[in-house]
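In what follows, a single structure is set out as structure tokens and then discussed.
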Amino acid sequence: HKVPSPSQKPTSGRRSLATSRATVQMNTSSSSDDHVADIVFCVLNGVALLVCLAAAILVVALRLHKKIVYRLCLYQVLAGIAFATVQTLQIVFLNYDDKSPRVYARLCIAIGFLVLYTQWIKVIFATCATFHLFCFAILYKNLKKLEALYVVTSLLVPALFAIVPLITHSYHYAPPGC
């Protein structure tokens, strides 16, 4: 029995056994490849978490946090810690088995929200730090007074972006196992 190429349609109404086996093998290898990729993803985020923790500890230990520029960097590192923590927590979904879809559905929504929220926190903190450094370096203005605004903006604005998919119920497929 000749196996049709992917561009050809099978000659009969049913798929051949060889085509079905090839499809199952492709799906199995793809699934196991995805599983390995998810494990690597979580491990690398765990490493990033440890690096960010070490950086935050060094900034505090060396008392660099007394200057606003270092505090802005520290805020970015703390945002990195939050993001890496959320990404590492996705390891929960590696053994997803469809036996408790209600529990996993809620976890998918929570992780999806937290992933988007922490991503936006990192982006907004980076924007604030860039703005501050631009004003300091180019315009020669020290904007220490804006630090509280940077923090509040960086924590509240991302919530606006992250809540939209929550309202529209589109957090279903955020983490690997969802």
Side-chain angles (χ1 to χ4, degrees), residues 33-96 103-178:
D33 290 346
D34 288 346
H35 192 71
V36 170
D38 292 342
I39 290 171
V40 169
F41 177 76
C42 290
V43 168
L44 290 177
N45 276 295
V47 170
L49 174 64
L50 293 175
V51 169
C52 287
L53 280 171
I57 290 169
L58 281 173
V59 167
V60 173
L62 297 174
R63 299 177 190 235
L64 297 174
H65 63 282
K66 294 183 178 183
K67 296 181 180 181
I68 186 166
V69 174
Y70 290 111
R71 279 196 305 274
L72 292 174
C73 291
L74 180 63
Y75 297 146
Q76 185 68 22
V77 168
L78 293 174
I81 289 170
F83 180 71
T85 301
V86 171
Q87 294 289 61
T88 305
L89 287 176
Q90 292 185 33
I91 202 160
V92 168
F93 295 100
L94 292 180
N95 291 322
Y96 177 67
V103 172
Y104 277 101
R106 289 186 179 139
L107 282 174
C108 283
I109 291 169
I111 295 280
F113 175 82
L114 290 173
V115 165
L116 189 60
Y117 180 65
T118 55
Q119 284 175 341
W120 274 106
I121 287 175
K122 287 175 56 69
V123 169
I124 302 295
F125 266 128
T127 304
C128 290
T130 303
F131 172 76
H132 185 82
L133 292 173
F134 173 78
C135 289
F136 185 74
I138 305 298
L139 304 176
Y140 304 107
K141 294 190 179 198
N142 195 353
L143 304 174
K144 284 183 182 181
K145 299 173 190 172
L146 293 180
E147 182 179 3
L149 180 65
Y150 294 157
V151 173
V152 171
T153 303
S154 297
L155 294 176
L156 293 181
V157 170
L160 298 174
F161 292 114
I163 204 160
V164 171
L166 194 62
I167 293 169
T168 60
H169 304 291
S170 54
Y171 274 127
H172 305 294
Y173 305 107
C178 295

Check: Between V40 and V43, is any pair of side-chain heavy atoms under 4.5 Å apart?
Finding: no
Next item on the list: Work out which heavy atom in A79 is nearest to a heavy atom in K122; give both atom names and the distance.
Entry: CB-CG, 3.7 Å
Item checked: Rounded distance (nearest 0.5 Å) linking atom CD of Q76 with atom CD1 of I124 -> 11.0 Å
Notebook entry, point to check: To the nearest 0.5 Å, what is the distance between CG (L114) and CG (L89)?
Noted result: 8.5 Å
Margin query: Let me confirm one number: the NE2-CD1 distance from H169 to I109, rounded to the nearest 0.5 Å.
Written below: 8.0 Å
Checklist line | For the student: nearest non-hydrogen atoms of F125 and Y150, plus distance | finding: CE2-O, 4.2 Å
Next item on the list: Among T118, L116, I121, V123, find the residue that satisfies the side chain to side chain contact (heavy atoms under 4.5 Å, CB included) test when tested with P158.
Entry: I121
Notebook entry, point to check: Can you tell me how far the CG atom of L78 sits from the CG atom of L74, to the nearest 0.5 Å?
Noted result: 4.5 Å
Notebook entry, point to check: Are side-chain heavy atoms of L146 and H132 found at a separation under 4.5 Å?
Noted result: no
Next item on the list: Please report the shortest heavy-atom distance between V77 and A55, naming the atom on each side.
Entry: CG1-CB, 4.2 Å
Check: Roughly how far, to the nearest 0.5 Å, is CG of L133 from SG of C128?
Finding: 11.0 Å
Item checked: Side chain proximity check, L155 to Y117, heavy atoms < 4.5 angstrom -> yes
Item checked: Closest non-hydrogen atom pair between L166 and F113, with its separation -> CD2-CD1, 4.4 Å
Notebook entry, point to check: From I81 CD1 over to L50 CG, what is the distance, rounded to the nearest 0.5 angstrom?
Noted result: 10.0 Å
Note to self: Between Q90 and N45, is there a side-chain heavy-atom distance shorter than 4.5 Å?
What the structure shows: no
Item checked: Minimum heavy-atom distance R71-H65, with the two atoms named -> CG-O, 2.8 Å
